Participant: 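After the C-alpha cells below, expect a handful of questions from me.
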2 protein chains.
Amino acid sequence: MAVSARRGAPLTLEEISTTALRLMDEGGVEGLSMRKLAAALDVNPMSLYHHVDNKEALIRLICSTAAQRMELPPDDGSPWRDQLRALGLAYHRNAVEHPAMWSYLHDHPEIIADRKLVLWQTLYRILRLAGIPEPELRRTSDVLHAFVTGFVIAETKGHLPVDEAERDFDTAIRLIIEGLAGLAR
Amino acid sequence: MAVSARRGAPLTLEEISTTALRLMDEGGVEGLSMRKLAAALDVNPMSLYHHVDNKEALIRLICSTAAQRMELPPDDGSPWRDQLRALGLAYHRNAVEHPAMWSYLHDHPEIIADRKLVLWQTLYRILRLAGIPEPELRRTSDVLHAFVTGFVIAETKGHLPVDEAERDFDTAIRLIIEGLAGLAR
DNA sequence: ACCTGAACACCGTTCAAGT
DNA sequence: ACCTGAACACCGTTCAAGT
C-alpha cells in the first residue's frame, strides 16, 4: 500500500491544500513552508512532492480553489449600487479570513485571469447593470477589481478600530459607485 | 581601521540601501537576501548587521527612503483633476521602477503611516482642492491611496500591451475623479 | 503508486574572535 | 568601531531506495 508510516490514511490534494491555507491564514506566506506543512499533516516533507510540483504550484492551487469557492452575492434583482456594495462586502469578508492569500493573489493576478470565474462573471453582471458598455467591461472590471483588492488588503493590515473600518469601507464603496455612475454617463 | 578585507572603503547605510533596492528591483523580494547583498557589496554577510538590525529593518529602510524621495508633482495651480492625474502618473512611474518595493509597501502600510510625508501632504492638498471636508481627509486619502496602489501594482504585474495599459490607467483615474466629484457633492 | 532518509544548496542570524 | 568565520536552525528540492 505504501501508506505513510506515521498516519493511517493516504494524503489527498484536498487535505494538503486546506491545511496549507490554514497555515497561511495563521502565519502569513512565511508561515507556510513545505516542512511545516508536512509536520502538520504528520508526513515526511518529501511526500508532498508526490501530489504537488513545488511550493509555488501549491500556493497557486490554494489560491485558485479558494477564489472559486468564494461566496458571492447572487443576482437578487436589486439595484446595481446595492449589488456592488454586497460584492465589496463579500471581498472584504474573504480578505479578513485569508489576508495572506489575498496578498499573494494581488501579486500574482494571472492565477485568477480566467474570465469565466464566478468572481468576474458577477462583476461583469453588475457593471452591465450600471450601464458600462460591453467593450469596456474587461477594462472596467480590471480596474475595479484592483481598487477593491487594494482596499481590502490595506484595510486588513491597517488594524483600525472596527467602526473606523466600516466608515472607510463606506467611503470606498461610495467613491466607486459615484465614479461608475460618472463613467456610465 | 578594520576596513573590509576585500574592498577599500567602509560600508555606508546609503550604499547598502541603494544596492539592496537594486536587487529587489531586479529579482523581487526573493531576489534580495542578506548573503546576495553582501556578495554584491563585496563584503562578508555579517558586516551588514553592523549597519542594520535585520533583514526586515533593511527592507523598511529601503521602502521609507524611497517613499520620501519619490518625485511628486508640485502645486502648479492647475485644476485638481489635472493634479490628481499627475499624482497618479507619478505613482505609476515609481511602481514601474520598483514593483517589488511597492508590493512590500502595500503589505506593510505602517512604513508610510506618517502623515507628514510629502506623499500624504500632496494627496491632502489635492483632496482639499477637490472639496473634501477637513474631517474626511484622513479617510479619503487612505482609500484613494489604497486604490491607486492596488491599481499600479496590478498594472505592473499584468504585462499588458502599452496602449492597453494607458487606457486602463485612464479609466482608473477617471473613475476616481468622477467618484471624488460625487463625494464632494 | 506512494512514501521515505540522506544530501545539496541555499537562507537569516548569533556569537566569539579578530583589527 | 568595524569586520570576520564558524556555527545553528531553518528553508526548497533532488535522488536513490524502500513497500
Side-chain angles (χ1 to χ4, degrees), chain A residues 1-63 100-101 103-104 107-108 111, chain B residues 1-63 100-101 103-104 107-108 111:
Chain A
M1 289 282 230
V3 131
S4 162
R6 326 187 216 175
R7 53 204 302 285
L11 273 179
T12 66
L13 210 53
E14 174 70 30
E15 191 184 7
I16 290 175
S17 102
T18 56
T19 308
L21 180 54
R22 185 168 55 75
L23 288 181
M24 253 181 118
D25 290 346
E26 289 167 4
V29 203
E30 63 276 22
L32 170 62
S33 80
M34 298 301 269
R35 295 173 117 107
K36 281 188 211 155
L37 175 58
L41 290 165
D42 201 12
V43 112
N44 184 289
M46 299 316 118
S47 304
L48 297 171
Y49 287 88
H50 261 270
H51 300 86
V52 132
D53 272 355
N54 50 40
K55 188 182 180 180
E56 198 195 322
L58 170 63
I59 302 186
R60 295 173 73 95
L61 174 71
I62 296 170
C63 289
M101 193 203 77
S103 288
Y104 192 89
D107 279 356
H108 301 81
I111 295 177
Chain B
M1 291 279 230
V3 131
S4 162
R6 325 186 217 175
R7 55 204 301 285
L11 273 179
T12 66
L13 210 53
E14 174 70 29
E15 191 185 8
I16 290 175
S17 102
T18 56
T19 308
L21 179 56
R22 184 169 55 75
L23 288 181
M24 254 180 119
D25 290 346
E26 289 167 4
V29 203
E30 63 276 22
L32 171 62
S33 81
M34 298 300 270
R35 294 172 117 107
K36 280 188 212 154
L37 175 58
L41 291 166
D42 200 14
V43 113
N44 184 289
M46 298 316 119
S47 304
L48 297 171
Y49 287 88
H50 261 270
H51 299 86
V52 132
D53 272 354
N54 50 40
K55 188 182 181 180
E56 198 196 321
L58 170 65
I59 301 185
R60 295 172 72 95
L61 174 70
I62 296 170
C63 289
M101 192 203 78
S103 287
Y104 192 89
D107 279 355
H108 301 80
I111 295 177

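Residue numbering restarts at 1 for every chain, and letters A, B, ... go by the order of the sequence lines. None of the values given here were measured: they were computed from a predicted structure.
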Participant: Does a side-chain N or O from His51(A) land closer than 4.0 Å to OP1 or OP2 of dA1(C), or not?
Facilitator: no

Participant: What is the distance, rounded to the nearest whole Å, between atom CG of Asp53(B) and atom C1' of dT14(C)?
Facilitator: 14 Å

Participant: Are the side chains of Leu13(A) and Val52(A) in contact, using a 4.5 Å heavy-atom criterion?
Facilitator: yes

Participant: Among dG12(C), dC11(D), dT13(D), which is the nearest nucleotide to the side chain of Tyr49(A)?
Facilitator: dT13(D)

Participant: So Leu48(B) and Leu58(B), do their side chains get closer than 4.5 Å, heavy atoms only?
Facilitator: no

Participant: Out of dC11(D), dT13(C), dC3(D), which has the shortest distance to the side chain of Met34(B)?
Facilitator: dT13(C)

Participant: Give the dot-bracket string for DNA chain D, reading 5' to 3', where a pair is Watson-Crick or G-U wobble with both distances under 3.5 Å, ( ) marks pairs inside the strand, [ ] marks pairs crossing earlier ones, | marks a partner on another strand, and . marks unpaired.
Facilitator: ||.|||||...|||||.||

Participant: Starting at atom NZ of Lys36(A), determine the distance to atom P of dT13(D), rounded to an integer number of angstrom.
Facilitator: 15 Å

Participant: Hey, are the side chains of Ile59(A) and Glu56(A) touching, using non-hydrogen atoms and a 4.5 Å cut-off?
Facilitator: no

Participant: Give, for atom CZ of Arg35(B) and atom CG of Asn44(B), the distance between the pair rounded to the nearest 0.5 Å.
Facilitator: 9.0 Å

Participant: For dT4(C), does either OP1 or OP2 sit under 4.0 Å from a side-chain N or O belonging to His50(A)?
Facilitator: no

Participant: Check the distance between dA1(C)'s P and Leu13(A)'s CG and give it to me in whole angstrom.
Facilitator: 17 Å

Participant: Look at Ser47(B) and dC2(D) and indicate whether a side-chain polar atom (N or O) is within less than 4.0 Å of OP1 or OP2.
Facilitator: no

Participant: Between Leu48(A) and Lys55(B), which is nearer to the 5' end of DNA chain C once each is assigned its nearest nucleotide?
Facilitator: Leu48(A)

Participant: Is there a side-chain contact between Ile62(B) and Tyr104(B), using heavy atoms and a 4.5 Å cut-off?
Facilitator: no

Participant: Looking at residues at least two apart in the chain, or sitting in another chain, which of them share a ring-ring contact (aromatic ring centres under 6.0 Å, His included) with Tyr49(B)?
Facilitator: none

Participant: Under a 4.5 Å cut-off applied to non-hydrogen side-chain atoms, are Ser103(A) and Val29(A) in contact?
Facilitator: no

Participant: What is the distance, to the nearest angstrom, from the CG atom on Asn44(A) to the C1' atom on dA7(C)?
Facilitator: 13 Å

Participant: In this structure, how many angstroms lie between the P atom of dC11(D) and the CZ atom of Arg35(B), rounded?
Facilitator: 15 Å

Participant: In this structure, how many angstroms lie between the P atom of dC11(D) and the CD atom of Glu30(B), rounded?
Facilitator: 18 Å

Participant: Describe the nucleic acid contact of Met46(A) in one word from base, sugar-phosphate, nothing, applying a heavy-atom distance below 4.0 Å.
Facilitator: base

Participant: Figure out the CG/C1' separation between Leu41(B) and dC3(D), and round it to whole Å.
Facilitator: 14 Å

